[in-house]
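Please read these numbers as outputs of a predicted model, since none were measured by experiment. Below, chain A is the first sequence line, B the second, and so on; all start at residue 1.
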Amino acid sequence: MQRDLVEAARRGDHRAFEVLASAAGDRLYATARLILRSPDLAEDAVQEALIRAWRQLPSLRDPDRFDAWLYRLIVNACADQGRQSKRWSQRVRLLPVDTTTGDGSASIADRDELERGFDRLKPDHRAMVVLHYYNGFSTAEIARILEVPEGTARSRLHYAVGALRAALDAEARPSAIARDGVA
Amino acid sequence: MMTTDDQFERAITRWFEDSAPHRMPERVLDATFERTRQSRQDVGWGTRLRALPRPVPAMAGAAMLVVAMMALAIGSVGGPAPTPSATPSPTPGPIQTSGGMWPQTSLEEIRQAQARADAGDPDVMWQVTGVIEWQLAQHHPKDAPIFLRFLEEKLGWQNYRWDEAFAHPDGLVDGDVVYVRCAGGDATDRYRSSDPERRECAPTIDDRRYETVKINIAQLDRQGPGGIWVVTGWEIIEPAEQVAQPSEAEIEASMGAFLQARIAGEGAEALVDFFPMDPWEAERVDREIPLLYATSSGAPYVRAESSLSEGPAWPSGTMWYEVRLFSRDDETVVAQRFSLERDDAGRWRVVYHFEPGTEDGIPVAVTFAFLDGAVTYRARPPFGPSQDGYRDRDRLAIEGLLPDDDAPRRVLVMLADPRPIGPDCSAGPAADDAEALAGIIRSDPDLDATAPVAVSVGGIPALQVDVVTRGPNPCFALLEDAPFTIGSDRARLILLDLPAGSTAKVLAIATITDEDSFETVVAAAQPIVDSIEIHAP
């Protein structure tokens with residue numbers, strides 16, 4: 001069914017494209033919003049990604065790669081949105097932090113650290129983290145989505161996670177120092 | 001504090017799941033579709049180079065696909081019946097030209113049928129399935145059973161087809177779908193198509209015209225999923241017509257004359273039309289066919305060849321020709337593609353689709369302009385100006401397909417008076433000159449930049465700086481509006497001062513890409529950089 005829609009959209013069928021875009025919209029938006037941390041920027045990114053998808057659909061060789069291709073477009077659109085903002089942390093509206101901790105896997109303090117650490121990451125590193133931990137893609141799948149060697153995807157994710165943990169450690173350090181009375 | 005990888009991963013996954021929105025605001029899709037409905041798809045070189053054999057681009061249909069509908073209303077009744085080119089399928093029963101509701105004939109019958117469908121009665125379930133409403137809105141039947149059964153059981157047609165070329169005669173309303181009836185055998189011996197099924201539809205009225213029916217369906221009882229569909233009415237309409245093939249004389253008068261004029265060195269312009277969609281209309285410096293009368297070295301052509309590479313496409317008759325022109329002693333061969341299409345006046349015309357072709361196997365470069373013409377450069381297909389929004393007056397991306405890529409990627413960016421990104425990630429004022437800009441970039445603690453190397457671009461001295469990020473750089477760009485791309489870990493910047501009086505002071509030429517692809521992308525961009533010319537005001 002989706003293949004039929006993709007092929008129809010490739011031939012210029014607006015309605016087919018709109019069915020595809022409607023089906024993908026929510027997950028693209030969620031991905032964009034996590035990467036960009038801003039509802040406004042995420043909406044713009046989804047628009048740009050879908051418009052680019054429409055325009056470039058004839059260049060998509062394999063209709064079965066449509067979903068992966070859309071992810072690539074949304075990641076690049078997020079990057080472009082980031083380019084247009086002067087500084088990530090200046091324009092983002094921070095997402096609300098859920099105060100319930102559920103299974104205890106993330107305390108309020110951890111989430112606060114995560115949020116601030118994540119804001120410090122470059123957009124491509126944010127994308128790696130979101131694609132892996134939210135969308136559930138393996139590094140091999142991310143490599144195919146972003147069309148980079150798998151080793152590159154693996155090293156980037158490793159770097160992104162390392163940078164995030166380093167940021168978290170840096171966030172935690174002043175309080176630890178204060179707690180320990182060393183400062 | 002999170003101490004283990006497992007704790008960290010669970011925390012971030014949970015955080016994402018809690019933070020991610022479940023629904024996108026509807027206004028986003030509304031705004032998107034408003035733009036896509038007014039937007040054409042790209043039919044640039046990159047697409048075309050991979051699309052062989054290709055059909056006529058969809059958007060050409062409205063302007064160029066000639067689907068003549070006879071002004072004289074004839075059908076399978078009335079008037080003398082023309083002699084068909086092939087034997088049509090027998091039509092049982094009395095001949096009709098229109099009719100009403102089918103298979104039910106009243107609303108009461110429809111309600112009863114709906115009740116049976118709700119109970120899963122297989123005798124009526126075919127009226128529920130197969131109709132795809134968004135396709136029906138485009139007058140596309142998608143071979144839903146109700147159409148097939150109507151054509152075969154009610155009209156007695158055994159061979160028929162729905163085709164985009166015939167699908168949109170004037171006056172259609174919601175729920176209308178148009179089919180043509182086919183006789184056995186190919187449309188004509190001369191029609192060719194990459195899709196064999198499209199050939200196997202010979203006309204039924206004479207050697208060009210097809211019996212054509214318009215069928216309307218609707219859900220007259222319950223609408224939406226589970227509602228049954230009925231034919232509300234049908235009508236034999238003006239016959240659809242396949243385009244008559246050009247004669248040898250017509251081909252000679254169009255394509256032959258065009259090639260002869262190119263050899264003669266004059267008059268070819270009047271014998272060719274330009275395809276109405278030029279993806280680079282704003283950037284193209286010369287809207288002309290490259291190497292029209294001579295090779296790049298100025299050698300005139302002494303002979304030409306052409307060969308039919310695709311088509312005639314059914315039913316438009318469009319044909320694609322590979323053209324080769326030779327200089328003296330066949331020293332240089334220019335190869336280009338043109339189509340031969342029938343225009344609205346019924347003339348066969350050569351059409352140029354902005355494919356510059358090759359010269360001795362090398363793609364012919366095209367000249368483009370940037371910054372109001374202050375900068376020009378040449379790019380060989382598949383490289384050209386970006387077809388997304390990154391093509392403003394003072395910023396431009398050049399993109400194209402690299403080997404093994406599935407979509408175009410940016411290989412070069414030009415920025416006029418770019419603003420440098422400071423250590424706090426905010427954009428500062430534009431630098432006064434290239435040297436100052438290089439100094440600012442080198443002083444950024446988040447960047448590791450090489451010492452500027454003197455180079456020349458378009459005969460103007462320039463500075464080249466290679467830049468990598470140093471650690472987890474919190475900024476996202478080297479320069480304001482320098483595009484961020486996934487893995488933008490390495491960049492080559494060329495900075496130069498534009499001539500006095502220009503509308504900008506500094507031009508930045510940047511290749512920004514991931515480390516793994518850097519050398520490949522730089523190599524792809526280099527011929528474009530080498531072709532840059534700076535024009536004094």
- Item | Heavy-atom donor-acceptor pair, H139(B) side chain to D176(B) backbone, under 3.5 Å |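 Yes: the side chain of H139(B) pairs with the backbone of D176(B).
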- Message: Does any backbone or side-chain atom of R35(B) lie under 4.5 Å from a heavy atom of chain A? Answer side chain, backbone, both or neither.
- Response: side chain
- Note on the structure: When the 4.5 angstrom heavy-atom criterion is applied to H22(B) and chain A, the contacting part is backbone
- So which part of A24(A) gets closer than 4.5 Å to some heavy atom of chain B, the side chain, the backbone, both or neither? neither
- Of the backbone (N, CA, C, O) and the side chain (C-beta and beyond), which part of R10(A) lies under 4.5 Å from a heavy atom of chain B, both, or neither?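 Backbone of R10(A) only, per the 4.5 Å heavy-atom cut-off to chain B.
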- Residues in side-chain hydrogen bond (donor to acceptor under 3.5 Å, both in side chains) with T32(B), at least two apart? none
- Item | Separation of F66(A) CZ from L57(A) CG (nearest 0.5 Å) |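 Output value for this atom pair is 5.5 Å.
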- Message: Restricting to side chain to side chain contact (heavy atoms under 4.5 Å, CB included), what partner residues turn up for S22(A), sequence neighbours left out?
- Response: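 Residues passing side chain to side chain contact (heavy atoms under 4.5 Å, CB included) with S22(A): L29(B), F33(B).
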